[in-house]
Structures are given as C-alpha cells and as structure tokens.
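Here's the structure we're looking at; comments come further down.
All ligand and atom numbering here is 1-based and tracks the order in the structure. Position 1 is the first residue of the sequence; numbering continues from there.
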Amino acid sequence: ENRLNGYTPMDLLQNRFFERAEFVVDTLRKQGYCYLDDFHGEDIALKILSEVKNLHHREKFTDGELVSSNGNGSMLNKKIRDDKIAWIDGKEENCQAISHHMTTVNTLIRFCNGLIEEYDIEHRTKAMVACYPGQGTCYKRHVDNPNKDGRCITTLYYLNPGWTEEKGGMLNLYPGGSEEPVKILPRLDRLLLFWSDRRNPHEVAPSHDVRYAITLWYFDKNERARFRKKQEEEERKKAIFSGQENGSNEGGGN
Ligand SMILES: O=C(O)CCC(=O)Nc1cc2ccccc2cn1
Ligand SMILES: [Mn+2]
C-alpha cells in the first residue's frame, strides 16, 4: 500500500495532530493561551468564511444579550456585548465547512486531552458563530467561566482576511489578570485557545469593520457533572419553594 518512507498518510496525519497538541498543551501551561496560524489552510478557511457570511445574509444571527445586572439586582439595559450570534450543531444545511472545523478541533482537543492530567475533556458546546457588525461594536472585559460551569478550554477561530489593528476589534487578553493586555489580531485561519476560567479575562476592542469568529467551549467532565448536579439541586429547591407558595394561597392547589 502507499507507505511514504514507512509512514501511511494516516500516520502522518496523526503525527501532525500530536505535534500540534504537544505545542498547544506546553504553551497553555506556560502562558494560559496559545494560537495556531494557518490552521485549516486558506482554501478551507475561505470556505468556512463563505458559509458564515451566508448565515449572516440569511439573517440566522440573533442579537447578543442586551442586559447586564449591576450586581444589586436591578437590571440595567447597559449593553455589555454587541455581537450577533448563531448556534450551529454542524448538521445544518450549507454548514459543511463549519462542521469540518468542529470535527478538526475535536480531534486536536482529543490529542490535547491525553496530555492534560488536570482535565478530562469529552464534550463541548455547539459552535457559537459570532459577528461584530463594525461601527465600534465590542465586548466588555469578562471571564468566560467565572463560576465553575464546567467549561475548561475556549477555542476561537477567526475569519477576517486582511484584518489590521487600524480596524480595531483586537482580542485583548489579560492572562493571569495582567495589567497590560496581550493583543490578538483576529486574522483569517487563526485558532486561539485559552483556559476558560478566571485566568483569562478578555474583551473585544471596538470594531470598525465586520468581524467574524467561531467559538467552541470544551467541558471538563467532572466540573460539568458537579455543576449539573448543583443546577438540579437549585431547580428542586425552587420547585419546593414555589410549591409552598401555591399551597399557602386560599383554595389554591389540589
Ligand atoms: O471574538 C472574540 O475574540 C472573543 C469574544 C468573546 O469573548 N465572546 C464571548 C461570547 C459569549 C457568549 C455567551 C456567554 C459567554 C460569552 C463569552 N465570550
Ligand atoms: Mn469570552
């Protein structure tokens, strides 16, 4: 069969993933974030971009959340984020290249999982396709997973050919809460990975051109299971509480 100097194409592919996973895990350990350029190659990157633009033109994006509570319970309608988003599971029509991206990152993360003892990564979210429509749209400084909801690695795939810092829209990352941000250019075919917890506050600087990205969050099995159990516990308590409320009103309740 077609062995290239003793390796099959599959061997070469596995090696390629293993090498990149080693680099990613070493770099994540060292600085908490890591990016890979030319992740899919330009042709596939442009195919993914055309599918994302198609989603945008077919009005498949919704507004990001509009409100943030200012901590004392009152809901401000202050915007914390201006991105438009679409959740994609990869089976939708006209999302084949996006689906290929999702399976490719899964394979990379599976190789990384073998090298990271502190996490056991088996699941991820759907793909969140995001668009910043320009005109200064941004995303305020935040932490993806501040309260142990299970997400351990954030992956961001950027789709912006010819992007320059003049266009704004830099991802400002504050690894370890550092004062000075690391400024990441959201260029085409760049895959950025970082720990999703408090180690990586980040923000999107005001963007003056249309800016696309695809986010996948990967879960640590144990943290996710604990979070789900806590959620169910809270649901039960709430149900009991509202049950008492119904029981207490006159004639209400069966
Ligand atoms: O586009 C980038 O460079 C990063 C943007 C970003 O941080 N997006 C984002 C989007 C989110 C949407 C829902 C919940 C949490 C979220 C956290 N982060
Ligand atoms: Mn974020």
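- Distances below 4.0 Å separate heavy atoms of Val204 from the following atoms of ligand 1: 1 (O), 2 (C), 3 (O), 4 (C), 5 (C).
- Less than 4.0 angstrom separates some heavy atom of Tyr158 from each of these atoms of ligand 1: 2 (C), 3 (O).
- Electrostatic pairing of Glu233 and Arg236 counts as a salt bridge here, judged by a charged N lying under 4.0 Å from a carboxylate O.
- With hydrophobic clusters built from ILVMFWY side chains whose heavy atoms lie under 4.5 angstrom apart, Val143 does not share a cluster with Leu171.
- Considering backbone and side-chain N/O of Arg151, none are found under 3.5 Å from N/O of ligand 1.
- Ring to ring, Tyr174 and His202 are not that close: their centroids are 6.0 angstrom or more apart.
- Distances shorter than 4.0 angstrom do not occur between any heavy atom of Glu203 and any atom of ligand 1.
- With sequence neighbours excluded, the residues that form a side-chain contact (heavy atoms from CB on, under 4.5 Å) with Lys183 are Glu165, Met170, Asn172.
- Taking a cut-off of under 4.0 Å to the non-hydrogen atoms of His202, the atoms of ligand 1 that pass are 7 (O).
- Taking any N or O of Asp144, backbone or side chain, at least one lies under 3.5 Å from an N or O belonging to ligand 1.
- The pair Asp220-Arg151 does not meet the salt-bridge criterion, since no charged nitrogen lies less than 4.0 angstrom from a carboxylate oxygen.
- Applying the 6.0 Å contact sphere to CZ of Arg16 captures no more than 12 heavy atoms from other residues, nucleotides or ligands.
- With sequence neighbours left out, the ring pair (Phe, Tyr, Trp, His ring centres under 6.0 Å) criterion links His100 to His40.
- Pairs engaging residues 210-235 under the ring pair (Phe, Tyr, Trp, His ring centres under 6.0 Å) rule: His56-Tyr212 [sequence neighbours left out].
- Within the sub-2.8 Å shell of the Mn ion (ligand 2), the protein contributes these N/O/S atoms: His142 NE2, Asp144 OD1, His202 NE2.
- Counting heavy atoms from C-beta outward, Leu185 and Arg190 have side chains that approach closer than 4.5 Å.
- With a 4.0 Å heavy-atom cut-off, ligand 1 is reached by the side chain of Leu156 but not by its N, CA, C or O.
- For the pair Asn145 (side chain) and Lys148 (backbone), a donor-acceptor distance under 3.5 Å is present.
- Near Met128, meaning under 4.0 Å from one of its heavy atoms, ligand 1 places the atoms 10 (C), 12 (C).
- An N or O contact shorter than 3.5 Å is missing between Trp217 and ligand 1 by distance.
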